[in-house]
Structures are given as C-alpha cells and as structure tokens.
Protein chains: 2
Amino acid sequence: MQQYVAHPQPKSPCSTCHLREFCLPQDLSESEVARVEALFGPRHALKRGDFLFRSGDRFAALYAVHTGFLKTQILHEDGREHITGFQMAGDIIGMDAINSATHACDAIALEDCDICELPYEQLETLSRELPSLQRHLHRLMSREIVRDQQVMMLLGSMRAEERLASFLLDLSERFAARGYSASQFQLRMSREEIGSHLGLKLETVSRAFSHFQEGGLIDIHVRSVHLLDLNGLHDCMHRPR
Amino acid sequence: MQQYVAHPQPKSPCSTCHLREFCLPQDLSESEVARVEALFGPRHALKRGDFLFRSGDRFAALYAVHTGFLKTQILHEDGREHITGFQMAGDIIGMDAINSATHACDAIALEDCDICELPYEQLETLSRELPSLQRHLHRLMSREIVRDQQVMMLLGSMRAEERLASFLLDLSERFAARGYSASQFQLRMSREEIGSHLGLKLETVSRAFSHFQEGGLIDIHVRSVHLLDLNGLHDCMHRPR
DNA sequence: CGCAACGTTGAAATTCCTCAATTCACGTGG
DNA sequence: CCACGTGAATTGAGGAATTTCAACGTTGCG
C-alpha cells in the first residue's frame, strides 16, 4: 500500500474512503455491498468542536467516520471526564448505545469530519439476511471490547512513559493501516486530551514527550510527530514497574 | 425479590439459575426459549483455579456462568497481568474472542463453578431467525463495552479509595440484582486480585479497606464484607482529585 | 501443630500531580 | 507585515498519593 504523510491529501482515488475497507465485510458480492450501502443514512459534516451526539441522546444509528478525527468521552457525575478513545476514518462510533438505547458518551469532532450514519434497525434487519454482515457487526463490537480491555491494562499497570509509548504506537499502527505513514503524523488532540485518555495530567504527557525526544526516540514539535525508533518505543513499554 | 446473604444456598427453586433471567431475552415465547436452550452445549464443572479457557485458545463458544465466580485476565508480554473483570452467575464470558476467533484473555475459576457452553455458530444462526435473540446478543456485547469504559474511567481518573468504593458498590449491585444481599457478601478474590483489577497494589487495597473500616463505612473481616454506609461509599467516589 | 498463603501495617522511596512561571504558536487586527 | 493577545505547551520546584520493601499477624489445611 502506498504511503504518504498523514495530512496532505492522499493521492489514490478512494483512499480516503475507508468505509468499504473497514466498515463492511470483505466477502460480500457486488449486489450485497450495494444493499448494505443502500441503507447508509445521511452524511454529517461536522466542524471542529461539534458534537456528533451527546451522552443521553436517544440511540438510532451507528456512525462510520468517513474523514476526520473525533474523540469519545464519558463524564463522571462530579464533572471529571475521561476520553475513552479517538476515532479516525473507518472507525465505527456508537456501539456503547445499543445496550440502553441511549448514548453513553459524548462524541466530539477534533477536526472537520465527514460522518456516515448507519441506521441501526435497518442494519439489524439486513444482518439477519446476510450472515457475513452479521458476523462483521459482531466482530466490530468484539474488537471494541478487546481494544477497551487493552486500554484497561494500559491504565491499570503501565507507568506514564509506557502509556504514552503505547499510545503513539497504536496511532502509528492505525495510520499505517489506512495507508498513511506509520512514523510521521499530526496529533489531532491536545496534551490535555492525550492525558485524559491515558489517565495522566497534561504536564506529565509533555514531560514524557520531552524525555522521548531527549532519548532520540521521537522528534516532536508541538503536534507534528516523527517516530524515530519504533523498537525503542516498544521496548520502553516493557520496563517493569 | 427475596434477599439473603450471599453464600448460604438460596432458597427459591431456580434462583441459582440466572441463565434465563440474564442470558436470554425476556420476550421470547415458551417454544422460542426451548429452541434457544436446545442449543446450550455441555456444562463445565470447574474447580477453583481451573481455566475455562486460555488466551490464544480457538474460539468456538461463549460461556454463561451458571454458578460460581470467575476472573478474566490479560497478560502483557513482560508478564504483568491485569484482571479485566470478575464474572458471576448470569454473566457471559468470551465475547472478546469473536473478533479474532481466538480468546484474548484467560478465564479462571475463583471458586467451584458450573458453566454452560453456548456454541457460537449456532447462536449466530438462531439469532438470524429470532430478532429478539439477535437484539439481546447485541445488547450483551454493548453492555460489556459500557462496563469496560466505566472501568477505564475508574482507572484513569479515580484515586485509590474511590476505586475501591466503586468496586464494592458494583459488587453490591450485582449481588442485589441476583437476589442476594446488597450489603453483606463474601469477596471471592484476594487483595492482590482486587488490586490487579483496580490498578493498585495489594497493600494499597488493604489500607483502603482499613480506612473504610475506621470511617465506619464498612465492616470487613478478611473476605467477609458488610457495607454499613452505602451513601458514604458513594460520596467518597466524588471527592475530586 | 506447623506450614504456607494471605492480609495488615509501618517507613522509605518513587512517581506523578499541583502550582507557577515562561515560552511558543497562531490567528486577528492594525 | 508586524504587534498583540490568547490558548497551548514546556519546564521547574515542591508536595501528595501510591508503591516498594520489610516485618509481623492471621487463617486454614495437611
């Protein structure tokens, strides 16, 4: 797959369109793909800072990120907030809402986004006809569970620098999976947002970045990151506490 | 619902059988319930310490806890382990494995358990016929996602005593939902296991218990807990950091 | 009874947080 | 095009929470 730095517009024709690649099963016939795509609901164009949905909103659809970058966060009663994840092209948002028919988190655009709505009832109905769509939906939810549990491990048993290294490597992998450079990208979130996701204060995040920089592991200037030593970053996740 | 202290055998006839109540949709007809139950696979009798499955095992079935208490844990490459959750009667285990067809965690009995196997392929097939079963499966996965994200918030933004209070209140609710006492129960796990789940060291867990005891919030003797002041425990989750 | 695993408690060490001062980046308007 | 202001990021010093290390008590089982 062709590689390019994250933000300049990618060159290949539908490479920004990760929906087919990430949100649909790969073993559907042309006509089946058409049936699934037929139920795609309206597109939402979000500006930076817009909410896709808020905690408590009635659940009606899942959302597939077409372009852009978002965060999902949950709020504690006393006002503390925790960012449960960052979503990019090809990611599905809203699966936490199926349980209670009410969204359990806020989803907020970190940059201008183009979001595709997937009406849930229709998705359920169609997935009774198309086993591979059914299987795909289950996999997506299961993958979310696995991801969340990996974050639990990160939060529960890693020190600050390990968490940040893990975070950078995760971003790197996800960019790579979408055809972007695995080693150079723009952070779309502030230090505070990174901290909120990793259970750290923004100053700790900043210090950890500086420390990686000193160690020659990364080259970071504000939000432009260049991962210089992927192995080194990986290793620093394994210094036991 | 009748209440009784957790461990003496419950009295009502099928109150140990939380499978129908927790693992099946509530809006099925008798004959549909029969169809679902027909595909229940073999029962597994586990002794304390037995593995229900191990990380890496091929995925073939979900498991419904009939009786007993288990933990699920993931291992980091360097040997650190993190307990992702504790499961009791009526809980479903193994949904993390759907994604990769391989179990992503270990499931280990904390006491003698009786586990019901739910062959996944057959569950998928039947859920294409029974929309309410389909919906129920989705809800179960979604609930798992919500639970995991709540644990993420706990790990990411609560201090030690808040985490422990949250943990006790969660156990309390789950026992209550099964007809047991919300205020008196036995812990089935060691201090170290509680710590592993909450991202704390066993000494910290022990000290927090002692502190709750001094404050009159709980009465704890080794693994017998009596929650004396549920509101007080709830409040101590809201002292900002 | 004795051992081994588990739990409690104390003191020291460490990590991370808090508070505070600067610096830096970037958009706005002169 | 530059000055300015604002929000974001960096850095330092001190303090708080948790971990680490260590000793000792308790429980339950062979």
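Just so it is clear: chains get the letters A, B, ... in the order the sequence lines come, proteins before strands, and each one is counted from 1.
Partners of A:His44 under the ring-ring contact (aromatic ring centres under 6.0 Å, His included) rule, at least two apart in sequence or in another chain, are A:Tyr63.
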What pairs of nitrogen or oxygen atoms, one from the protein and one from nucleotides 5-14 of chain D, lie under 3.5 Å apart?
residue : atom : partner  : partner atom : Å
D:dA9   : OP1  : A:Arg223 : NE           : 3.2
D:dA9   : OP1  : A:Arg223 : NH2          : 3.4
D:dA9   : OP2  : A:Arg191 : N            : 3.1
D:dT10  : OP1  : A:Arg191 : NH2          : 3.2
D:dT10  : OP2  : A:Arg191 : NE           : 2.8
D:dT10  : OP2  : A:Ser206 : OG           : 2.6
D:dT10  : O5'  : A:Ser206 : OG           : 3.1
D:dT11  : OP2  : A:Ser210 : OG           : 2.6
D:dG12  : N7   : A:Arg207 : NH1          : 2.7
D:dG12  : O6   : A:Arg207 : NH2          : 3.1

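Judged purely by distance below 3.5 Å, without hydrogens or angles, the side chains of A:His66 and A:Arg43 pair a donor atom with an acceptor atom. Judged purely by distance below 3.5 Å, without hydrogens or angles, the side chains of A:Gln73 and A:Thr84 never pair a donor atom with an acceptor atom. Using modelled atom types and a 3.5 Å distance limit, the side chains of B:Thr72 and B:Gln87 yield a donor-acceptor pair.
Residues A:Cys236 and A:Phe212 are in side-chain contact: their nearest non-hydrogen atoms beyond the backbone lie under 4.5 Å apart.
If you take CZ of B:Arg159 and C1' of D:dT19, they are 15 Å apart, rounded to a whole angstrom. Per the geometry, CG belonging to A:Leu198 stands 16 Å off C1' belonging to C:dT15, to the nearest Å. The separation between A:Leu155 atom CG and C:dC16 atom P is 13 Å, rounded to whole Å. One can place CD of A:Gln186 at 14 Å from P of C:dA25, the figure rounded to the nearest angstrom. D:dT19 atom C1' lies 14 Å from atom CZ of B:Arg80, rounded to whole Å. In this entry the distance linking CE of A:Met158 with P of D:dT18 reads 21 Å, nearest Å. Whole-Å rounding puts the A:Glu161 CD to C:dT14 C1' distance at 14 Å. Nucleotide C:dT9 holds its P atom 12 Å from the NE2 atom of B:His211, rounded to whole Å.
B:Gly195 comes within 4.0 angstrom of nothing in the nucleic acid, heavy atoms only.
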>> Before you tell me yes or no, could you show the steps for A:Glu161 and A:His211 under side chain to side chain donor-acceptor pair (under 3.5 Å), namely the whole-Å CA-CA distance, both residues' side-chain angles and the distance that decides it to 0.1 Å?
In response: CA-CA 9 Å; A:Glu161 290 187 6; A:His211 194 224; 2.6 Å; yes
